[in-house]
Structure formats: C-alpha cells, structure tokens
Colleague: 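I am attaching a structure below and will ask some questions about it afterwards.
When a ligand or atom number is given, it counts from 1 through the structure's own listing order.
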Amino acid sequence: MSKKLFIETLGCAMNSRDSEHMIAQLREKEGYETTDDLKSADLIIINTCSVREKPVAKLFSELGVFNKNKKEGAKIGVCGCTASHLGDEIIRRAPYVSFVLGARNVSKITEVLHRDRAVEVDINYDESEFAFNDFRTSPYKAYINISIGCDKSCTYCIVPKTRGDEISIPAELILREAQRAVERGAKEVFLLGQNVNNYGRRFSGDHEKVNFTELLRRLSLIEGLERLRFTSPHPFHMDDEFIEEFAKNPKICKSMHMPLQSGSTKVLRDMKRGYSKEWFLERVEKLRSVCPDVSISTDIIVAFPGESDEDFEDSLDVMRRVRFEQIFSFKYSPRPETEAEHFTNVIDDDVASHRLTTVQNLNTDILDENNQTHLGKIYRVYFEDLNKDYHVSGRSDNNLVIKVKGSDELLGQFRDVKITQIGRTILTGEVVG
Ligand code: 5AD
Ligand code: SF4
C-alpha cells in the first residue's frame, strides 16, 4: 500500500507549483500518493505564505490542530515562505515538526524527509535547473516556473528574503516542459514568476539570453498549445515591445495583471516601485489602445506608512479611471526584514480598515457595472472544472469565470458560450457553438 501525503498549500500560484514539485518528488522517489484525509496521512505538509502577518499567526494554531489529529507516527513538515523566513524557530515553537524546508529548497524534499528536525532554508540555493519529476494537479493547464526569486526591493515585501535573488530558468528547459505538457493534453500554459517580464536578465549557467517577449513568441509556436497566460508582470518593465506582442499574439490570453499597489506617486516612491501614477496610467492607455478587449486586474495596498488622505484618493482615482476587472486589496502589513518595517508614520488601524472597505466597495460597484456588459455576449471558454451541481466551469480568454450545465465531456474542450446570467464572481451561460 502506498504511503499517504496530505498537503495544504497557502499563498500564490508559485507556491501551488512548488507543491506540485514536492508531490512529484515524493511520488516518484518515495511512493507517496496524495490524500484529502488528514487522519490517514503518513506525511503532512503545510506549504506556507508569509506575505502578510495573519497567515503566519494562523500557521502555529493550525500546526497544533494537525499534530492533535495526525495518525500515530505521521510526520509534519513546514515548507514555503514562512519556512524560509522563520527557519528553526518553527521547530522551537512546535517541537513535533519533523522538518522545515524553505521556498527555495523544494528539490530537497526527499532528503529532509529522512533527517530528523532537518532545516533547509538557504535562499541562495539554486534550483533554476533542477529536473523535477512530472506532476500536475490539472491535466488541462500546465503551470510552469520561468524564474525563481525576486530582484526587486519593494520596501513592504518579504519575498526577496524568502525566495532570494532572481534567476531565470533557461528558455530551452521551459520550452521542453511546455512541449511535454501539451503532448500530455494541456492546451493552456501558465507561466509563473515573481516578475515575469524581467525574464532573461540573469541565468545561472551560460544560456542564450532570451527576454520575456521572445520567450512568449517561442512558446506560442508550440503546436497544440492554444492559450498562454502568465503572472505577475511588473508595470515598470512593460515596454512597448512586450505590450505589442501581448496584443498581437493570438495565443496570449487577453488578461493582464498589473499590480498597482498605490495610485500615489509619493507612496510608490516610498514603496520603491520604480514608476509613477502617470507612468502606470500611460501604460494602461497604451495597452488598451492596442488591445481594447484586455481585462486588467491589480493588487492594491492601503494604509502604507505615510499614506495621506490625498495619497489614498490617488489610488481611488486610478481605480475609477482604469476600472480594473478584478482587484485584490490588502491592508498594509509590516513584515520583518523589510525597509518599511522601520517606517514610523504608521497609519491608524481604524483608518486602514476604513480605506480597505472603501476600496472594496468601489471595486464592487465597478465590477457590477462591468458585469452587466457581459450579458448576451459570446465568449470562447476553455472548460477545466467539474462542479458538484451538474455544471462545468472554465475561463474565457479575458479570464472571466463562466459555468454552463454539462458533464465531464466538456472538460479540456473549447466552446462558445452565450452569457445568460450575471454573478459577481461567476457568470452563467449556455453553449452555442
Ligand atoms: N502588506 C500588505 N500587502 C502586501 N503584499 C505584499 N506585501 C505586502 C505587505 N507587507 C501584497 C501586494 C502583492 C500581493 C501578492 O500581496 O499587493 O502584489
Ligand atoms: Fe507567494 Fe509571496 Fe506568499 Fe511566498 S510570500 S507564497 S511568494 S505570495
């Protein structure tokens, strides 16, 4: 009988891919199969995120629950960004944890498994050319890492401290991985990196210097690959060449994540984002002028230290002008080892909460208005998920989540769908072609 692995993944898409990498290694080398049942697991892994404070506090209470409910003799491992950041402190605070494995060390999973209280959290460890075994949660869509780490120094962000310096994965490895995924049936490839459009700046070996735009061009030549997505690009690196390729390449899905963070040029400077409010708006204008159907999503942080009412108003102003299709908004959370942790002009928590609500309400209003425009329209949907209520769901090219009545024979298929019903997060329609 195979050993059972229970894995919980928090945080971003990179973490999800890291989990797939760990599952792949554990399956191939140790004979593990995944389970959703904690109590029957021989190995329990939490793949953590440390981007904000709350999830870190939650980790220790969750570890306690896992420890109480685990099967006799089962091991618990803590991986990911909080593992990188807290290291052996995790074992000090939760002595029943068997190993701690950083976000930049996932290839060592089968090794730490056999070393009691192993802590491997070196953020300079280079996994950019590691040949992971193949495992994908979805047969329809392949997530592929194109770089590790992050070279930016945004003053609020802990990621450079958990994932280290940025190294690009050689283009030939990415192309080979995409080719293999397509041969196995995936029609969509989703490229992942902290800063994807900075791709190609540094490789660890002597590799051809391919930039992100060129990488997209080459990937789009793969026969059978129908859709290309990526996250996250950085507004600072959105040059004309990239935007024009994005617009004209029919395989690149027309949805762009442009993390604004703040609409105030002063706050952006304090955040060390490298662009101004005007630059951001100009890039949006350029993008929309060459690609009118693009849907743009963003991240916004409210109440960064020193954010005045006027600064906050600038964020709302950008929201009103751009009318983002989706916004992920966060209250600023001070993180250890970041520059902003030492900023003194901290915003009162009541003000921060009020600002967050204001952003969320404005977002909802814009979303509701945007959504009305979809009624009666026809979108090409790639179906990926079977829902419990006899519905199948997927995404349109511009990233709308759309469901129709149907069964698993629609999975992995493209269909034209006419929108008949509007919901805030999901649209309902019927297949028309
Ligand atoms: N506080 C609040 N939000 C943060 N993010 C990153 N660091 C912080 C922080 N310290 C947000 C950013 C980023 C998203 C993944 O998380 O908006 O784009
Ligand atoms: Fe992803 Fe950032 Fe969270 Fe790490 S800290 S898992 S990079 S969101």
Colleague: Which ligand 1 atoms does Val51 reach within 4.0 Å, using its non-hydrogen atoms?
Modeller: 5 (N), 6 (C), 7 (N), 8 (C), 9 (C), 10 (N), 16 (O)
Colleague: Applying a heavy-atom cut-off of 4.0 Å, say which part of Phe330 lies close to ligand 1: side chain, backbone, both or neither.
Modeller: side chain
Colleague: Considering non-hydrogen atoms only, spot the tightest contact between Arg355 and Asp309 and give its length.
Modeller: NH2-OD1, 2.9 Å
Colleague: Phe130 and Phe132: aromatic ring centres closer than 6.0 Å?
Modeller: yes
Colleague: Return a yes/no value for Arg335: is any of its N or O atoms, backbone included, closer than 3.5 angstrom to an N or O of ligand 1?
Modeller: no
Colleague: Among Asn399, Val294, Thr298, find the residue that satisfies the side-chain contact (heavy atoms from CB on, under 4.5 Å) test when tested with Met256.
Modeller: Val294
Colleague: Judging by distance only, is a nitrogen or oxygen of Tyr332 under 3.5 angstrom from one on ligand 1?
Modeller: no
Colleague: Do the side chains of Arg163 and Asp18 get close enough for a salt bridge, i.e. N-O under 4.0 angstrom?
Modeller: yes
Colleague: Determine whether the side chain, the backbone, both or neither of Arg52 has a heavy atom under 4.0 Å from any heavy atom of ligand 1.
Modeller: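 Under 4.0 Å from ligand 1, Arg52 contributes side-chain atoms alone.
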Colleague: For Gln261, counting its heavy atoms only, list the atoms of ligand 1 lying under 4.0 Å from any of them.
Modeller: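 Checking each atom against Gln261, I get 12 (C), 13 (C), 17 (O), 18 (O).
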Colleague: Check contact between Glu53 and ligand 1, using heavy atoms of the residue and a distance below 4.0 angstrom.
Modeller: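 It does not, in that no heavy atom of Glu53 comes within the 4.0 Å cut-off of ligand 1.
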Colleague: Indicate, with yes or no, if the rings of Phe242 and Phe212 have centres closer together than 6.0 Å.
Modeller: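 Between Phe212 and Phe242, which both carry aromatic rings, the centre distance is below 6.0 Å.
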Colleague: Identify, by atom number and element, the atoms of ligand 1 in contact range of Ile301, meaning under 4.0 Å from any of its heavy atoms.
Modeller: 3 (N), 4 (C), 5 (N), 12 (C), 17 (O)
Colleague: I want to check a possible cation-pi pair here: Arg283 against Tyr275, using under 6.0 Å from ring centre and within 45° of the ring axis as the test.
Modeller: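 The answer is no, since Arg283 fails at least one limit relative to Tyr275.
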